[in-house]
Amino acid sequence: MGYLFLLPLSVTILVPTTFLITYGIAIAKSDVTPAFPYISDTGTDPPESCIFGQLLNISAVLIALSVYVRYRQTIEYHRNGPRLLLCLNKTTLALGLIAAFGVSLVANFQETSMLVVHMIGAMMAFGLGVIYEWIQLYMTHRMCHEMSSRYVFIIRAFLCIIATVCFVTTFAAAAVAGQQFTGDDPTKWTPELGGWPAHVVSTASEWIMAISFISYFATYIPEFRKVEMTSITVYIIEEISPMISSSHDKRYGAVDSLQPSPGAIA
């Protein structure tokens, strides 16, 4: 049994741990309201923003590695498989890596400092993440007998539906709530500031969507137990120039000249 299953397992542990830690610190410091903040709201102010950024950056790398292992796993099972399947496999690799980069953008660019970049990262992470899930669902259906099972397909289908619905409601309700908001600081949103029902729908949908993404990667754990990856092999493609080697020996001495003489030993 290989250890590649630790990649999606780490994602399913580290991401929710990050959210819970930053949420707890933000609540303790009164940086956000306890009821239904956005995930990014809990990682806006220091020190929680530092923890949020560092752990999400690590999570982004783990997500990218999981996406790559899934890509290579599919190749090994279907090296001479249908062209459509191989094309979709490359597509999911690109989508997954871009989505992982979006997670890094969300981590590094807080919404209160660079909202545009933060929102671009969120759309990359969530939007492309939803597309990635649906394509992987189709591939799961095609590869049920080789790589997966019918039960896993059903679970992923359920998670895809949840993620898609929550993606739409998160951004649609956020637009409505933003128009009705009358306060100055959206990270401290309270019912009397307007747009509260839409705000709750938006934030709750975002949390559920994040949980569905994490759960989707959790479905990779049993499948990654069946594969392992060998170490990277490094090849020398250009030899050292003899002239350089000769001058190096004259300056520093050849390796053999470093050996002590019998007289010196005596």
>> For the NZ atom on Lys29, are there more than 12 heavy atoms of other groups (residues, nucleotides or ligands in this structure) within a distance under 6.0 Å?
In response: yes
>> Can you confirm whether more than 12 heavy atoms, excluding those of Phe158, are under 6.0 Å from its CZ atom?
In response: no
> Taking Leu55 as the fixed residue, which of Thr22, Thr17, Thr18, Val15 is the one that meets the side chain to side chain contact (heavy atoms under 4.5 Å, CB included) rule?
Replying inline: Thr18
> Mind checking whether Trp134 and Thr164 have side chains closer than 4.5 Å, heavy atoms only?
Replying inline: yes
> Under the 3.5 angstrom rule, does the side chain of Ser104 hit a backbone N or O of Ala100 as a donor-acceptor pair?
Replying inline: no
> Under 3.5 Å, side chain of Thr182 to main-chain N/O of Leu193, donor-acceptor pair present?
Replying inline: yes
>> For Phe101 versus Met124, what's the shortest heavy-atom pair and its separation?
In response: CD2-CE, 3.4 Å
> Does any donor atom in the side chain of Trp189 or Thr203 lie under 3.5 Å from an acceptor atom in the other side chain?
Replying inline: no
> Applying the 4.5 Å side-chain criterion to the ILVMFWY set and letting contacts propagate, would Ile39 and Ile58 be lumped into a single cluster?
Replying inline: yes
>> Just checking Phe224 against Tyr220, ring centres under 6.0 Å apart?
In response: yes
> Just checking, any donor-acceptor pair under 3.5 angstrom between side chains of Thr112 and Gln110?
Replying inline: no
> Do the ring centers of Tyr216 and Phe213 come within less than 6.0 Å of each other?
Replying inline: no
> Is the shortest heavy-atom distance from the side chain of Glu111 to the side chain of Pro186 under 4.5 Å?
Replying inline: no
> Taking all non-hydrogen atoms of both residues, which atom of Ala174 and which atom of Tyr38 are closest, and how far apart?
Replying inline: CB-OH, 3.4 Å
> Side-chain heavy atoms under 4.5 angstrom apart, residues restricted to Ile, Leu, Val, Met, Phe, Trp, Tyr: same cluster for Ile13 and Leu65?
Replying inline: yes
> Do Met139 and Val227 belong together in a cluster built from hydrophobic side chains that touch within less than 4.5 Å?
Replying inline: yes
>> When you measure from the side chain of Ser202 to the backbone of His199, do you find a donor-acceptor pair of N or O atoms at a distance under 3.5 Å?
In response: no
>> When you group the ILVMFWY residues by side-chain heavy-atom contacts below 4.5 Å and let the links chain together, are Val67 and Leu85 in the same group?
In response: yes
> Are any of the side-chain heavy atoms of His141 and Gln136 separated by less than 4.5 Å?
Replying inline: no
> Taking C-beta and beyond as the side chain, do Val152 and Glu223 meet within less than 4.5 Å on heavy atoms?
Replying inline: yes
> Would a distance-only check, ignoring hydrogens and angles, find a side-chain to backbone donor-acceptor pair under 3.5 Å from Arg156 to Thr219?
Replying inline: yes
> So which heavy atom on Pro37 is nearest to which on Tyr23, and how close?
Replying inline: CG-CE1, 3.7 Å
> Would a 4.5 Å heavy-atom cut-off, applied to side chains only, mark Phe171 and Met119 as touching?
Replying inline: yes
>> Please say yes or no: joined through hydrophobic side-chain contacts below 4.5 Å, possibly via intermediate residues, are Ile131 and Leu159 part of one cluster?
In response: yes
